[in-house]
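Residue numbers start at 1 and run along the sequence shown. Each ligand, and each atom within it, is numbered from 1 in the order the structure gives. Because only heavy atoms are used, hydrogens play no part in the values below, and waters and symmetry mates are left out as well, while side chains stay in.
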Amino acid sequence: MSLMSVVVQKYGGTSVADPVRISAVADRVTGLRESGHDCVVVVSAMGQATDELVSLAAQISDEPDPREMDMLLTAGERVSMSLLAMALQARGVPAVSYTGSQAGIHTDSSHGEARITKITGERVRDSLADGRVVVIAGFQGVDPSTREITTLGRGGSDTSAVALAAMLDAPECEILTDVAGVYTADPRQVPSAFKLDAIGYDDMLALAESGAAVLKPHSVTYAKDTGVAVHVRSSFDHSSGTLVSAETGDFEIAGIAHEIVGDEGRITVVGSLAGEKVDGLVESLVGAGIDGRHGEKSDRMAQIRVHVERIGDAMRSIHRELFETEAGK
Ligand code: ADP
Ligand code: ASP
Ligand code: MG
């Protein structure tokens with residue numbers, strides 16, 4: 001047993017996009033290990049590699065076989081995991097990479113959107129005991145009954161990391177990405193959005209289910225069910241990000257998320273006051289010349305629909321009303 005706890009980190013696509021970024025990740029992991037931690041590092045495929053594989057399949061077949069699709073897509077993470085292990089070794093850090101199957105990540109049989117059923121993790125534990133950094137391919141597992149390789153759905157590396165943290169009894173799981181944490185809105189759409197220091201599981205889940213790509217919805221459910229706290233933070237600096245945990249209760253307004261369905265933009269306001277605020281928000285959109293319509297509504301969220309061309313304007317307007325005016329605060 002080591003004195004320091006095991007740290008589970010996951011690096012997303014942008015964070016391992018090229019050799020320079022992979023080297024930066026290797027430096028960061030080396031620092032963590034030098035401070036005495038056991039390290040398990042989950043990686044996504046480099047940059048847009050998964051999209052490129054999807055596009056290759058589409059050029060070959062209109063209806064690719066789901067089994068072969070998973071064989072194809074899991075190749076992306078194999079590249080990044082082995083390169084990161086090599087980068088660590090080049091720094092004198094003992095490291096080994098494992099596919100999801102080698103790590104004992106068992107799933108059901110649903111190709112393309114499989115659910116993790118269990119992680120046996122023998123090789124992970126043995127390698128940690130040997131003093132190695134363990135690098136694991138995110139987004140993939142194996143169905144033990146058929147021995148077929150599966151994937152966990154787009155963005156599924158988040159779930160791999162949370163499940164590994166739960167298996168290893170790690171106190172938290174770090175999700176390192178290309179933004180500084182979870183914001184009140186996608187900061188790429190709403191420059192005035194601000195980072196939340198903490199958010200509860202239910203608010204985070206509602207945001208993720210409504211399109212906030214920063215965490216895969218199922219990873220949030222998994223974290224809630226197993227009590228793993230998730231620390232979403234930047235891989236580009238060491239600032240602390242957003243802690244997703246049971247420590248934070250529900251917000252009156254947590255933030256807004258967006259998604260595009262056909263030519264419709266769907267903006268979801270999340271929080272216990274969402275339903276109360278939505279009429280005023282739609283009114284102010286119409287006042288600003290944006291045709292906003294009501295969408296789905298529950299006690300935790302309310303949706304507003306606009307034409308896709310106006311989604312950015314609508315988000316900025318809604319964010320302003322909710323967070324940047326006296327009435328909204
Ligand atoms: P990774 O490759 O690291 O998994 P993703 O692209 O899946 O990264 O998720 C990070 C992206 O999520 C950010 O670049 C940002 O544009 C988007 N995003 C959407 N909503 C939010 C939000 N509320 N807070 C932070 N980021 C968000
Ligand atoms: N590489 C996979 C994807 O692009 C999994 C992930 O990044 O989480 O969806
Ligand atoms: Mg992601």
message = Quick check with a 6.0 Å cut-off and a 45 degree axis cone: is Arg21 positioned over the face of Phe236's six-membered ring?
response = yes

I'd like to check whether [X] has a polar contact with ligand 1, where a contact means an N/O of the residue lying under 3.5 Å from an N/O of the ligand.
X      : result
Lys10  : yes
Gly13  : yes
Arg188 : yes

Which bit of [X] is near ligand 1, meaning a heavy atom under 4.0 Å away: side chain, backbone, both or neither?
X      : value
Asp186 : both
Glu259 : neither
Pro187 : side chain

Please identify which atoms of ligand 1 are closer than 4.0 Å to at least one heavy atom of [X].
X      : answer
Thr177 : 1 (P), 3 (O), 8 (O), 10 (C)
Ala213 : 7 (O), 9 (O), 12 (O), 19 (C)
Val182 : 24 (N)
Asp178 : 10 (C), 11 (C), 13 (C), 14 (O)
Gly181 : 24 (N), 25 (C)
Val179 : 13 (C), 14 (O), 25 (C), 26 (N)

Protein contact of [atom] - nearest heavy atom, named by residue and atom, plus distance:
atom                    : result
atom 5 (C) of ligand 2  : Phe139 CG, 3.5 Å
atom 12 (O) of ligand 1 : Val214 N, 3.5 Å
atom 1 (N) of ligand 2  : Glu77 OE2, 2.6 Å
atom 6 (C) of ligand 2  : Ser157 OG, 3.3 Å
atom 23 (N) of ligand 1 : Tyr183 O, 3.0 Å

query = Would Phe139 end up clustered with Val16 when hydrophobic side chains under 4.5 Å apart are linked, directly or stepwise?
reply = no

task = Determine the minimum heavy-atom distance between Val162 and Cys173, stating which atoms define it.
result = N-SG, 3.8 Å

Between [Y] and [X], is there a side-chain heavy-atom distance shorter than 4.5 Å?
X      : Y      : result
Val133 : Arg33  : yes
Asp197 : Leu243 : no
Glu283 : Val286 : no

ask   = Once the angle between the rings of His218 and Tyr222 is folded into 0 to 90°, is it parallel (under 30°), tilted (30 to 60°) or perpendicular (over 60°)?
value = perpendicular

inquiry  = Closer than 3.5 angstrom, by distance alone: can the side chain of Gln9 be matched with the main-chain N or O of Val41 as a donor-acceptor pair?
reply    = no

message = I'd like to know if Glu259 pairs up with Arg266 as an ion pair, taking the criterion as any Lys NZ or Arg NE/NH1/NH2 lying under 4.0 Å from an Asp or Glu carboxylate oxygen.
response = no

key: Test: Arg91 and Glu34 ion pair at under 4.0 Å   = no

task = Please find out if less than 6.0 Å separates the ring center of Phe323 from that of Phe194.
result = yes

inquiry  = Measuring from non-hydrogen atoms of Gly155 to any atom of ligand 2, is the shortest distance under 4.0 Å?
reply    = yes

request  = State if Gly138 counts as touching ligand 2 under the rule of any non-hydrogen atom under 4.0 Å.
outcome  = no

task = Establish whether atom 26 (N) of ligand 1 and some protein heavy atom are separated by less than 4.0 angstrom.
result = yes

request  = Go through the steps for Thr242 and His231 under the test side chain to side chain contact (heavy atoms under 4.5 Å, CB included), then give the verdict.
outcome  = CA-CA 6 Å; Thr242 305; His231 185 182; 5.8 Å; no

ask   = Going by the order shown, which atoms of ligand 2 are within less than 4.0 Å of some heavy atom of Ser44?
value = 6 (C), 7 (O), 8 (O)

remark   = Note: ligand 2 atoms sitting under 4.0 Å from heavy atoms of Arg154 are 3 (C), 4 (O), 9 (O)

message = Under a 3.5 Å threshold, yes or no: a donor from one side chain and an acceptor from the other, between Ser160 and Gln140?
response = no

